[in-house]
Every structure is written in structure tokens, then in C-alpha cells.
Undergrad: 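What follows is a structure written as C-alpha cells; I'll ask about it next.
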Amino acid sequence: MKDNNSQITLVVFFEFPKFWQAYLAFSTMGMKKFFKIKSQSLLFGKMFGNGSGIGFGYFPNFKQYSILAVFENLNALNLFLEKDKYYKWMCKISAHQKILKLLANRSVGVWDGKTISPEISEFKSEKIVVLTRAKLRLKKVKAFWKKVPQTNKSLANVGGRVFSAGMGEWPLSHPITFSIWENEQKMLHFAYEEAAHKDAIKSAREGNWFKEDLFVRYSILEEYGF
């Protein structure tokens, strides 16, 4: 990253091991005040519930929530972390935070009709992050979820996975995957050589499961808490 003027993505996972923490976190879902910093260079921002297990899960993980936000530059992102009252409150009630500052190296597809990472960076890190998001056709939701258990099993056993989580605005119909890999080769091996994942991709394409889909690959500029 040559300067502080490149668009940059923030991802934070908040962990709430105690019941009262989880209850407070759940009660905040959908609150728009989280993104008051919009007037200060926020381009895109969402807060998510997370699924159980290492990938998707039929049941939510009430002990973990996450945010994804894209800022015009690093200064705006750091200002958010330093000044936003709601973000600081989430940090206060959570026991731990995993924080990533990311630069997009590839972005294919859209999120609600918009490209969330229009600016592609030449900065490359050894570890990489992959975000996928889909909007399922209603008639294809059942077919999608039938593939999930085997894909999760494959993900659990594959080499090179550092971290993974399922996220969602509407988890059953708008699933999001987030994963960190030791390197690009390990990610590509899982994506295109692991049988369960290959089969799921093929079925999705041939069956026209998605109204829209998105794939973004990132390099890690900074990480904390992993």
C-alpha cells in the first residue's frame, strides 16, 4: 500500500461468551446508528449475525457477531475505530475482537446491485482473505443447504485454513462466507480441487441458484486478535 488514499475494508468479529453480553449484542442487530460515520467516508457498511460451526450453520452463533465496512481511505477507517461511540460500546461489552484491515485484490459480482470494492489494490500479502456472498433464488434455498454439511466437513479437514465463519444479513437466503488462508495456493486447492466444494459450485452454476453473487479476494494490511 503506497499511501493512505486507497479504499480499504474493515472486518471485525466480536465475541460474547457470557449470556448478558450475547443478549446485548443480539438486541443491537439492525440498529442504524452503528454507521454514523457515513458522513466521514464510509462507502459501505453492514453488521451480521454469524452461523454456528466453522462455516455455515443451520443455527446462529449468538456468541459472535461481525461487521464489514468499506472506507475511502485508511485515515477514515482509523478514525472510525478511534471515535465511533457505538463501535467502542461493542468493544466494551465484548470479551474479544478479531480485527482485519483489508485491501481488495479481486472483486467479481455485486452486492444488492453494487460493487463493494471497486478499487483494486496491487498490494499483496502471503495470507489472503476470501469473502463470498449470494442472494439465493427462493426455490433453490433447499438445494443450497443440502450441500452445506459436506462442504463444511471438507473445509474442516482441508489444510491451509486459518479462520472461517459464516455470516448473513438473512442467513438462509443471503449467505456469506468469510475465510482466511495461509496462502493463495491453499485457498485455490479447496475451491477447485476439494470434491464437495467443486460439486457445490457446479450444482449452483448449472442449477442457476443465485439471483446475484459476489466474490472478493483480499490481502491483509493489518490484523489483530487472531
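This structure is a prediction, so every number in the text was calculated from the model and none was measured.
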Undergrad: Going by salt bridge (charged side-chain N to carboxylate O under 4.0 Å, His left out), name the pairs with one or both residues in residues 143-156, residues two or more places apart or in two chains.
TA: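 Residue pairs with at least one partner in residues 143-156: K147-D199.
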Undergrad: Do E193 and L188 touch side chain to side chain, with heavy atoms closer than 4.5 Å?
TA: no
Undergrad: Give the minimum heavy-atom separation between M167 and F48, together with the two atoms involved.
TA: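 Closest pair (atom of M167, atom of F48, distance): CE-CD1, 3.3 Å.
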Undergrad: Who are the side-chain hydrogen bond (donor to acceptor under 3.5 Å, both in side chains) partners of E82, not counting sequence neighbours?
TA: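 Here no residue qualifies.
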Undergrad: Check step by step if side-chain contact (heavy atoms from CB on, under 4.5 Å) holds for N75 and L79.
TA: CA-CA 6 Å; N75 289 336; L79 182 64; over 6 Å; no
Undergrad: Parallel, tilted or perpendicular: which one describes the rings of Y87 and F80, with boundaries at 30° and 60°?
TA: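 Correct class here is tilted.
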Undergrad: Less than 4.5 Å apart, side chain to side chain, heavy atoms only: is that true for D213 and T132?
TA: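 Side-chain contact under 4.5 Å: no.
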Undergrad: Report the C-alpha distance between F178 and V129 in whole Å, list the side-chain angles of each, state the deciding distance to 0.1 Å, and finish with yes or no for side-chain contact (heavy atoms from CB on, under 4.5 Å).
TA: CA-CA 7 Å; F178 183 90; V129 171; 3.4 Å; yes
Undergrad: In terms of heavy-atom contacts, does NZ of K98 have more than 12 from other residues, nucleotides or ligands at under 6.0 Å?
TA: yes
Undergrad: Are N73 and L77 close enough that some pair of their side-chain heavy atoms sits under 4.5 Å apart?
TA: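 A side-chain contact is absent here, since even the closest heavy-atom pair is not under 4.5 Å.
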Undergrad: Are the aromatic rings of F44 and W111 close, with centres under 6.0 Å apart?
TA: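 F44 vs W111: aromatic centres under 6.0 Å.
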Undergrad: Using every non-hydrogen atom in the two residues, find where A104 and V216 come nearest and quote the distance to one decimal.
TA: CB-CG1, 4.1 Å
Undergrad: Going by the rule side-chain hydrogen bond (donor to acceptor under 3.5 Å, both in side chains), which residues pair with N61 if we only count those two or more places apart in sequence or in a different chain?
TA: none
Undergrad: Do L138 and L172 belong to the same hydrophobic cluster, where Ile, Leu, Val, Met, Phe, Trp and Tyr are linked whenever their side-chain heavy atoms lie under 4.5 Å apart, directly or via other members?
TA: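 No: no chain of side-chain contacts under 4.5 Å links L138 to L172.
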Undergrad: Check whether any side-chain heavy atom of W181 sits under 4.5 Å from a side-chain heavy atom of R161, and report yes or no.
TA: yes
Undergrad: Could you pull out the closest heavy-atom pair between S117 and S107, with the gap in Å?
TA: O-CB, 3.7 Å
Undergrad: Evaluate the ring planes of F16 and Y65, with Trp represented by its six-membered ring, and classify them as parallel (under 30°), tilted (30 to 60°) or perpendicular (over 60°).
TA: perpendicular
Undergrad: Within the structure provided, determine whether S219 and K124 are in side-chain contact (heavy-atom separation under 4.5 Å).
TA: yes
Undergrad: Provide the closest heavy-atom pair for A191 versus H197 in the form atom of the first, atom of the second, distance.
TA: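 Minimum heavy-atom separation between A191 and H197: O-ND1, 3.0 Å.
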Undergrad: Donor-acceptor pair, H174 side chain versus L136 backbone, under 3.5 Å?
TA: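 No; judged by distance alone, with no hydrogens or angles, the pair does not exist.
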Undergrad: If Ile, Leu, Val, Met, Phe, Trp and Tyr residues are connected whenever their side-chain heavy atoms lie under 4.5 Å apart, and connections chain through other members, are F26 and F14 in the same group?
TA: yes
Undergrad: Mind checking whether L155 and S164 have side chains closer than 4.5 Å, heavy atoms only?
TA: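 In short, these two side chains touch, coming nearer than 4.5 Å.
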Undergrad: Of all residues at least two apart in sequence or in a different chain, which pass the side-chain hydrogen bond (donor to acceptor under 3.5 Å, both in side chains) check with E223?
TA: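 By the side-chain hydrogen bond (donor to acceptor under 3.5 Å, both in side chains) rule, E223 matches K127.
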Undergrad: State, to 0.1 Å, how close T115 and G109 come at their nearest heavy-atom pair, and which atoms those are.
TA: OG1-O, 4.2 Å
Undergrad: Should L214 and V110 count as side-chain neighbours, where that means a heavy-atom distance under 4.5 Å?
TA: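 No; the side chains remain at least 4.5 Å from each other.
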Undergrad: Kindly compute the distance separating OG (S6) from CG (L103), expressed to the nearest 0.5 Å.
TA: 6.5 Å
Undergrad: Evaluate the criterion side-chain contact (heavy atoms from CB on, under 4.5 Å) for residue pair T9 and Y218; output intermediate values, then yes/no.
TA: CA-CA 9 Å; T9 299; Y218 301 94; 3.6 Å; yes
Undergrad: Hey, does the side chain of N105 reach the backbone of E122 with a donor-acceptor pair shorter than 3.5 angstrom?
TA: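 No; judged by distance alone, with no hydrogens or angles, the pair does not exist.
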Undergrad: Go through the steps for I180 and I128 under the test side-chain contact (heavy atoms from CB on, under 4.5 Å), then give the verdict.
TA: CA-CA 6 Å; I180 304 174; I128 65 167; over 6 Å; no
Undergrad: Would V141 end up clustered with F210 when hydrophobic side chains under 4.5 Å apart are linked, directly or stepwise?
TA: yes
Undergrad: Check the side chains of Q21 and Y23 for a donor-acceptor pair under 3.5 angstrom, ignoring hydrogens and angles.
TA: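 Their side chains do not contain a donor-acceptor pair, so the 3.5 Å distance test is not met.
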Undergrad: Can you list everything that forms a salt bridge (Lys or Arg N to Asp or Glu O under 4.0 Å) with E194? Sequence neighbours excluded, please.
TA: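 Here no residue qualifies.
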Undergrad: With sequence neighbours left out, which residue pairs that include part of residues 102-117 fulfil the salt bridge (charged side-chain N to carboxylate O under 4.0 Å, His left out) condition?
TA: D112-R133, D112-K135
Undergrad: If I compare all heavy atoms of I93 with all of A25, which pair ends up nearest, and what's the gap?
TA: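 Shortest heavy-atom contact: CD1-N, 4.2 Å.
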Undergrad: Under a 3.5 Å threshold, yes or no: a donor from one side chain and an acceptor from the other, between E206 and S203?
TA: no
Undergrad: Would N208 and K140 count as a side-chain hydrogen bond (donor to acceptor under 3.5 Å, both in side chains) here? Give the steps.
TA: CA-CA 8 Å; N208 193 25; K140 303 298 182 179; over 6 Å; no
Undergrad: Could you tell me if the side chain of M90 sits less than 4.5 Å from the side chain of Y86, heavy atoms only?
TA: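 Touching, per the 4.5 Å side-chain cut-off.
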Undergrad: Does L42 share a hydrophobic cluster with W89, counting links as ILVMFWY side-chain heavy atoms below 4.5 Å and allowing steps through other members?
TA: yes
Undergrad: May I ask whether I120 and I220 are part of the same hydrophobic cluster, defined by side-chain heavy atoms of I, L, V, M, F, W, Y residues being less than 4.5 angstrom apart, directly or through others?
TA: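 Per the 4.5 Å side-chain linkage, I120 and I220 are not co-clustered.
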Undergrad: For E15, does its backbone N or O pair with a side-chain atom of Q64 as donor and acceptor, under 3.5 Å?
TA: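 No, Q64 side chain to E15 backbone: no donor-acceptor pair under 3.5 Å.
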